[in-house]
Asker: 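There's a structure below that I have some questions on.
Treat the numbers as computed from the prediction; the structure is a model and nothing was measured. A, B, ... follow the sequence lines: proteins, then strands. Residue 1 opens every chain.
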There are 2 protein chains.
Amino acid sequence: MNAGEANTAAVVAAAGIGRRMGKRMPKQLLELGGKPILLRTLETLERMPEIGCVVVAAGQNILHDVAKAVDSWGLTKVVNIVEGGAQRQDTVWRGLAAVPEYAEIVMVHDAVRPFVSASKIRETIEAAAEHGAAILAVRPRSTIKRGAGDRIEATLDRDGLWEVQTPQAFRRDILMAAYAKAMAEGFYATDDAALVERTGIEVAVVEGEERNIKITTPLDLRIAAAILEEEG
Amino acid sequence: MNAGEANTAAVVAAAGIGRRMGKRMPKQLLELGGKPILLRTLETLERMPEIGCVVVAAGQNILHDVAKAVDSWGLTKVVNIVEGGAQRQDTVWRGLAAVPEYAEIVMVHDAVRPFVSASKIRETIEAAAEHGAAILAVRPRSTIKRGAGDRIEATLDRDGLWEVQTPQAFRRDILMAAYAKAMAEGFYATDDAALVERTGIEVAVVEGEERNIKITTPLDLRIAAAILEEEG
């Protein structure tokens, strides 16, 4: 598959209502270095020749604000802005329904991860084209333990662990089948790949970067400003 | 046990040589808001009535710099500055050997976690006094998966997972027995509690705070500055 083919669609999940941010404006529209977070994310996708189109799926309560903002930015690749559902998974599901027919690969990305690099997105798309499913992830920096209540049961072997990020990319047929099955069965997971895993498809990992943080709290916003400063 | 008894000793692990920081000065001595990171950490311990004494254990290659700095700060509770070993576990082990006899509880803390609050240290010490062993930990914010090579094997149930921080506190006899066993057997782990767990002792969890980060990279240092700014 030629990476320049523009056969990839991106679904950008702008679901969260930002309860933890403590602001009235949707967190996706908060400014970071004078530019809304969502715009930063969409600009990275806009610049990538592999990506043919972008669907923005926004939570019901922020749809109006997000749609108005995205329209005003005049990005050429955003083909649809759709109303999401109650949970992230519902929102992505509705976004998937709005992906144009020609897309062979679909990548799902969090709106509030503006620091992902084009090269890491590219690696993830290429891994999905090759293996069917791929996610970006980093090694946990901390020891991870499993517990029951407030007691530790075991310390997990850190070597095998991954801390999951987005984008996650899939062959379209694989992702649609996995979502259709999960939604039909009422199965909810915390990421898209988990739905694919339970259909028996193997998911590949592309090692990501620490700075691809998810901005969900006021502290995250300050951290994001620090990252931006470091890059500057 | 009365929490005001000053029967707790703190071992502060200032082990790392700071390879990832890319600076010549030990990362523990880098300034944050005009004050060395290690001094911030030690000042928090100095102010707590529960803590009777502090042992600083520093890696061999930074011992001279750390000892000189700690001496210059004139803290009343630092009773020993000892030379550590090749790995963090070796360093803590040597620190434990320098803990005064009277201490009934020993807490181990990373020098480069200056943002831990006195109240969370207190909760951890109290839980250790009650249960024998306790650690500070937070819920992972990301989905955690287990993999083999570059393939995902399973998505872990996030409900039971903990991301481990310090301090970790223990009844002195429990920690000494666990360390003696591990060192005799050449067993190395990524945290102190793992050594205690393998002796069959149950470890309690105290829910910590996000801001209790471990400062190990230049980006962490910027994040730390952002946290400091947020605290005002």
Side-chain angles (χ1 to χ4, degrees), chain A residues 127 131 133-135 137-138 140-166 189-198 201-207 210-211 213-214 216-230, chain B residues 127 131 133-135 137-138 140-166 189-198 201-207 210-211 213-214 216-230:
Chain A
H131 303 291
I135 63 172
V138 292
R141 288 179 57 182
S142 307
T143 300
I144 305 286
K145 294 180 192 277
R146 201 185 60 236
D150 63 350
R151 289 296 185 284
I152 295 301
E153 285 185 335
T155 300
L156 305 185
D157 182 4
R158 192 150 59 165
D159 279 352
L161 297 182
W162 291 103
E163 203 176 288
V164 174
Q165 302 181 336
T166 70
T190 50
D191 77 331
D192 307 296
L195 308 187
V196 171
E197 289 157 30
R198 69 193 283 273
I201 303 276
E202 222 173 38
V203 175
V205 186
V206 173
E207 185 147 9
E210 288 282 346
R211 70 197 185 98
I213 63 165
K214 188 171 179 177
T216 55
T217 67
L219 177 56
D220 293 337
L221 204 58
R222 282 189 186 270
I223 291 170
I227 293 172
L228 204 63
E229 198 185 328
E230 186 175 64
Chain B
H131 303 291
I135 63 172
V138 292
R141 288 179 57 182
S142 307
T143 300
I144 306 286
K145 293 180 193 276
R146 199 184 63 234
D150 63 351
R151 290 296 185 282
I152 295 302
E153 285 184 337
T155 299
L156 305 186
D157 182 5
R158 191 151 60 165
D159 279 352
L161 297 183
W162 291 101
E163 202 177 289
V164 174
Q165 302 181 337
T166 70
T190 50
D191 78 330
D192 306 296
L195 309 187
V196 171
E197 289 157 30
R198 70 193 281 272
I201 302 275
E202 221 173 39
V203 175
V205 187
V206 173
E207 185 146 10
E210 288 282 346
R211 72 198 184 96
I213 63 164
K214 188 171 180 178
T216 55
T217 67
L219 178 56
D220 292 336
L221 204 58
R222 281 189 186 271
I223 291 170
I227 292 173
L228 203 63
E229 197 185 330
E230 187 176 63

Asker: Under a 4.5 Å heavy-atom cut-off, does chain A meet the side chain of B/A148, its backbone, both or neither?
Answerer: neither
Asker: Considering non-hydrogen atoms only, spot the tightest contact between A/A194 and B/K145 and give its length.
Answerer: N-NZ, 3.6 Å
Asker: Side-chain contact test, heavy atoms from C-beta onward, threshold under 4.5 Å: evaluate it for A/I152 versus B/I135 and give yes or no.
Answerer: yes
Asker: If you count heavy-atom pairs under 4.5 Å between each of B/D159, B/V206, B/I144 and chain A, which one has the most?
Answerer: B/I144
Asker: With a 4.5 angstrom heavy-atom cut-off, which part of A/E163 approaches chain B: side chain, backbone, both or neither?
Answerer: both
Asker: If I compare all heavy atoms of A/K214 with all of B/R141, which pair ends up nearest, and what's the gap?
Answerer: O-NH2, 3.6 Å
Asker: Indicate whether the side chain of A/S142 and that of B/Q165 have a donor and an acceptor atom separated by less than 3.5 Å.
Answerer: no
Asker: With side chains defined as the heavy atoms from C-beta onward, is the minimum distance between A/L161 and B/R146 less than 4.5 Å?
Answerer: yes
Asker: Is B/R151 close to A/V205 at the side-chain level, that is, under 4.5 Å between some pair of heavy atoms?
Answerer: no
Asker: Please flag which part of A/A154 lies under 4.5 Å from any non-hydrogen atom of chain B: side chain, backbone, both or neither.
Answerer: backbone
Asker: Is there a donor in the side chain of A/T155 and an acceptor in the side chain of B/E197, or the other way round, less than 3.5 Å apart?
Answerer: yes
Asker: Closer than 4.0 angstrom, basic N to acidic O: yes or no for A/D191 and B/R158?
Answerer: no
